[in-house]
Amino acid sequence: MSTQYWLMKSEPNVYSIDDLKREGRTHWEGVRNYQARNFMRDQMNLNDRVLFYHSNCNPPGIVGLATVSKLAYPDFFAWDSSSPYFDPKASPEKPIWMMVDVDYEAHFSKIISLEQLKNEAALAGMLVAKKGMRLSIQPVTQAHFDHVLEMAKH
DNA sequence: GCCAACGTTGGC
DNA sequence: GCCAACGTTGGC
């Protein structure tokens, strides 16, 4: 299976790329959207590459790279009643929600802001730049991924 | 803090 | 199964 490319959003005041660098690996818990879950469950493969995106901050944008290091498995925070991600409908027998593990790869030397992404002709059609796009896990084409890497060099 | 966009829930 | 009401996301 060839490498696939993704963009994953995190609010830096909840979990930032600095947190991921310090920990090396994290489980991507708390996804409570079926489409995003299905991407993780049905399509993500080991070593898929991830653009790490900081949302709900100023400025929002892509701050670095990560890789998928464990295939989807039940998000056990869903049945932990003390977790902010608790879902009373989920249980170990019926997990509902899934997560993958993600490894730190690199920081970009500086953030590639959402504004830059929107202004970049080569990234036309990239989901993250679309108005009203709230999906927290998005597929990225190889061409767009490669172009983001190029932008990160400059 | 506002609010547009979107997803989910639940009454009917 | 429609759709209004509600909750959430996330840019601004």
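Below, chains carry the letters A, B, ... as their sequence lines are ordered, and counting in each starts from 1.
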> Examine dG11(C): is either OP1 or OP2 under 4.0 Å from a nitrogen or oxygen in the side chain of Y53(A)? Give yes or no.
yes
> Look at the side-chain heavy atoms of Ile, Leu, Val, Met, Phe, Trp and Tyr, link any pair under 4.5 Å apart, and say whether F52(A) and V102(A) land in one connected group.
yes
> Rounded to whole Å, please give me the gap between NZ in K89(A) and P in dG10(B).
7 Å
> Quick one: the side chain of R134(A) and the base of dT8(C), do they pair up donor-acceptor inside 3.5 Å?
yes
> Any Lys/Arg nitrogen of R22(A) or D19(A) sitting under 4.0 Å from an Asp/Glu carboxylate oxygen of the other?
yes
> Would you mind classifying the nucleic acid contact of K130(A) as base, sugar-phosphate or nothing, using non-hydrogen atoms under 4.0 angstrom?
nothing
> Please determine if a side-chain N or O atom of K118(A) lies less than 4.0 Å away from the OP1 or OP2 oxygen of dC12(C).
yes
> Salt bridge or not for E150(A) and K153(A), using N-O below 4.0 Å?
yes
> Can you check whether K9(A) has a side-chain N or O nearer than 4.0 Å to OP1 or OP2 of dG10(C)?
yes
> Just verifying a value: how many Å separate M8(A) CE and L20(A) CG, rounded to the nearest 0.5 Å?
10.0 Å
> Among dA4(B), dT8(B), dG11(C), which is the nearest nucleotide to the side chain of P60(A)?
dG11(C)
> Select from N33(A) and N56(A) the residue whose nearest nucleotide in DNA chain B is closer to the 5' end of that strand.
N56(A)
